[in-house]
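Below is one structure, written out as structure tokens, with a few remarks after it.
Order of the sequence lines fixes the chain letters, A, B, ..., with proteins taken first and strands second; residue numbering starts at 1 for each chain. Side chains are part of it too, since the values below use all heavy atoms of this structure and drop only hydrogens, waters and symmetry mates.
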Amino acid sequence: MTLLPEKTDAKLGLVIDLDTCVGCHACVVSCKGWNTQGYGVPLSDQDPYGGDPSGTFLNRVHAYEVMRPDGQAQTTHFPKSCLHCEDAPCVTVCPTGASYKRQEDGIVLVNESACIGCGLCAWACPYGARELDQAAGVMKKCTLCVDRIYNDNLPEVDRVPSCVRTCPAGARHFGDLGDPDSDVSKLVEARGGIDLMPEQGTKPVNKYLPPRPKDQPLEEIDILAPLLEPVAEDARGFIGWLDKALEKL
Amino acid sequence: MHPAPSIIFFTVFSGLGFGLLAWLGLGLPDVTGWVAFVFFALAYLMAVGGLISSTFHLGNPQRALRAFTQWRTSWLSREGWLAVLSLLVMAVYGAGLVFLGERWTGLGILGSILSLATVYATSMIYGQLKTVPRWNAWTTPALFMVFAVGGGALMAGQVTAAIILLILLGGLQYIAWTTGDARFRDAGHTMETATGLGPVGKVRLLESPHSGGNYLLREMVHVVGRKHARKLRILSLTGLSILPVLLLLLLPAGHIVGLIAVILHLAGTLGARWLFFAEAEHVVGLYYGKR
């Protein structure tokens, strides 16, 4: 049903640390690996080994250069997936009821057997979190690994989204953002977590932790620069002979 | 946004078809028998043809019936209901005119209202999207409605009404274009708000998440077509409003003049509708450093 719940019992979501993310794309690969064989149809690729490959992904990592007012540029790796918005515009536009937000944990899901593949939900999402699978013609999106997090067949340590379990830098955190005492809520509080494109009014559940300011000012970097000048001025032996011979030519 | 031909044909022809039905429902022109049959056949051909065309872009059209379930929140679902209801009501009303020579006035008015409501619902599929600031304004439903009643008047041979409505349409289209140009900026969406990195500094895309294309870029970041937007705007406006109005004003009314005016209006409308999509910028482009 595409009516959004008044209030969800929990707000499960991710907290992504932009200070820690190293941009390795391991979360992208593990997400595709898990979700192409679990919930719903596989995440298909088109022309995967040809000249123009493309495919369906639920999580993608962008990289940005942020130019600071003091003239220093800073690189920020930026993983992006569904933010499981409280006021999810993708859900209400769905004509078939395939898109829905769960009352019990706030996860936004697609019932693929009801999806007609009209693509309107992808248009309604400001974040590019939904992609229409080109082979199956149904909408794919992050499920927060709903088939892992409640799965008693998995060891407890694995009952988190695949991206969180995989991240080698510990840049991704999973928990209940509706509970102010949860670890993720405390992390967001301590680090000043932010919403993406808040002016869209979607009230995202997922939060991003902004990169910490750099602790070294620009000038001090130059201290090492003289050491980088060429050191082998006086070549000897065979190389020296070659150098002289080439000079004479 | 990607200007998909199926969606352009759908919105243009179903708009015209329902616009014509709205006039027929009011008894303008007052026709019965075979003449009425031709008018209704034309209107149904365009309205239903447009609706069928819209199913061509679906990934799983065999489940299209499910689209009738979510009318409480979804404009797309509401459009489905209103389209079916107006086509059913107008079929009964049209049968009365064609086969019995009877005009059931109340039913006709109901059919007219439903037809216009269908066009409104179509327009709100686009007008509701906050993610496309150019569409997210009063101009979108206003434009779709005036396109329908103006083009419908032209098809229905309502010369005076057509002249007035097509002049209004031209003005409205101009306002929609000029106000639309500033709307993305005015909405305040930037790469800084998209990434939340504004407090750190000015943001630039360093590396795209993938070297190839993807669904998002193909569907929502259509930048190639905007090169000739200015010329296309002038051509479209000339076709959809200026030339048909001049024809109707300067030449004696007749079937040939009417046909030429309709063809010109249709060509201009298709151009304007192509621009409606091609010029619309989706906020997701910001994540890719594009608009």
Check whether A/Gln46 gets within reach of chain B through its side chain, its backbone, both or neither, counting any heavy atom under 4.5 Å. neither
Top of B/Leu286, B/Thr55, B/Val283 for chain A proximity - count of heavy-atom pairs under 4.5 angstrom: B/Val283
Picking from B/Ser211, B/Ala187, B/Gly289, B/Ser77, which has the most non-hydrogen pairs under 4.5 angstrom with chain A? B/Ser77
Taking side chain as everything from C-beta outward and backbone as N, CA, C, O, which of these in B/Leu197 sits under 4.5 Å from a heavy atom of chain A? Side chain, backbone, both or neither. both
Using a strict cut-off of less than 4.0 Å between a Lys/Arg side-chain nitrogen and an Asp/Glu carboxylate oxygen, indicate whether B/Arg134 and B/Asp181 qualify as a salt bridge. yes
Keeping the roles fixed (side chain from A/Lys32, backbone from A/Thr56), state whether a donor-acceptor pair exists under 3.5 Å. yes
Chain A heavy atoms under 4.5 Å from B/Leu205: which part of the residue, side chain, backbone, both or neither? both
Could you check which of A/Pro53, A/Pro126, A/Cys94, A/Ala98 has the highest count of heavy-atom pairs closer than 4.5 Å to chain B? A/Pro126
Leading residue by heavy atom contact count with chain A [cutoff under 4.5 Å; candidates B/Met1, B/Glu79, B/His189, B/His57]: B/His189
Who wins among A/Asp133, A/Ile194, A/Val93 for the most heavy-atom pairs under 4.5 Å with chain B? A/Val93
Using a distance-only test with no angle check, is there a side-chain donor-acceptor pair under 3.5 angstrom linking A/Asn206 and A/Tyr127? no
Going by atom types only, do A/Ser113 and A/Asn111 share a side-chain donor-acceptor pair under 3.5 Å? yes
Could you tell me whether A/Lys140 and A/Glu112 make a salt bridge, using a distance below 4.0 angstrom between a side-chain N and a carboxylate O? yes
Part of A/Thr76 lying under 4.5 Å from any heavy atom of chain B: side chain
Measure B/Trp135 against the heavy atoms of chain A and call it side chain, backbone, both or neither at under 4.5 Å. side chain
Test the B/Arg78-B/Trp75 pair against the cation-pi criterion, namely NZ or CZ under 6.0 angstrom from the six-membered ring centroid and within 45° of the ring axis. yes
Between B/Phe144 and B/Arg273, is there a cation-pi geometry (under 6.0 Å to ring centre, at most 45° from the normal)? yes
Closest-packed option against chain B by number of heavy-atom pairs under 4.5 Å, given A/Pro69, A/Cys115, A/Ala129, A/Ala73: A/Cys115
Segment of A/His77 engaging chain B (4.5 angstrom heavy-atom cut-off): neither
Which residue out of A/Thr202, A/Leu120, A/Asp52 racks up the most heavy-atom pairs below 4.5 Å with chain B? A/Leu120
Most heavy-atom pairs under 4.5 angstrom with chain A, which of B/Ser54, B/Pro209, B/Gly80? B/Pro209
Answer yes if the ring centres of B/Phe277 and B/Tyr126 are under 6.0 angstrom apart, and no otherwise. yes
Would you say that B/Phe18 contacts B/Ser86 through its side chain, given a criterion of any heavy-atom pair below 4.5 Å between the two side chains? yes
Side chain, backbone, both or neither of A/Val61 within contact of chain B (heavy atoms, under 4.5 Å): backbone
Region of B/Leu65 that comes under 4.5 Å of a non-hydrogen atom in chain A: neither
Of A/Gly117, A/Ala63, A/Gly55, A/Gly137, the largest count of non-hydrogen pairs under 4.5 angstrom with chain B goes to A/Ala63
Salt-bridge present (A/Lys207, A/Asp195; N to O < 4.0 Å): yes
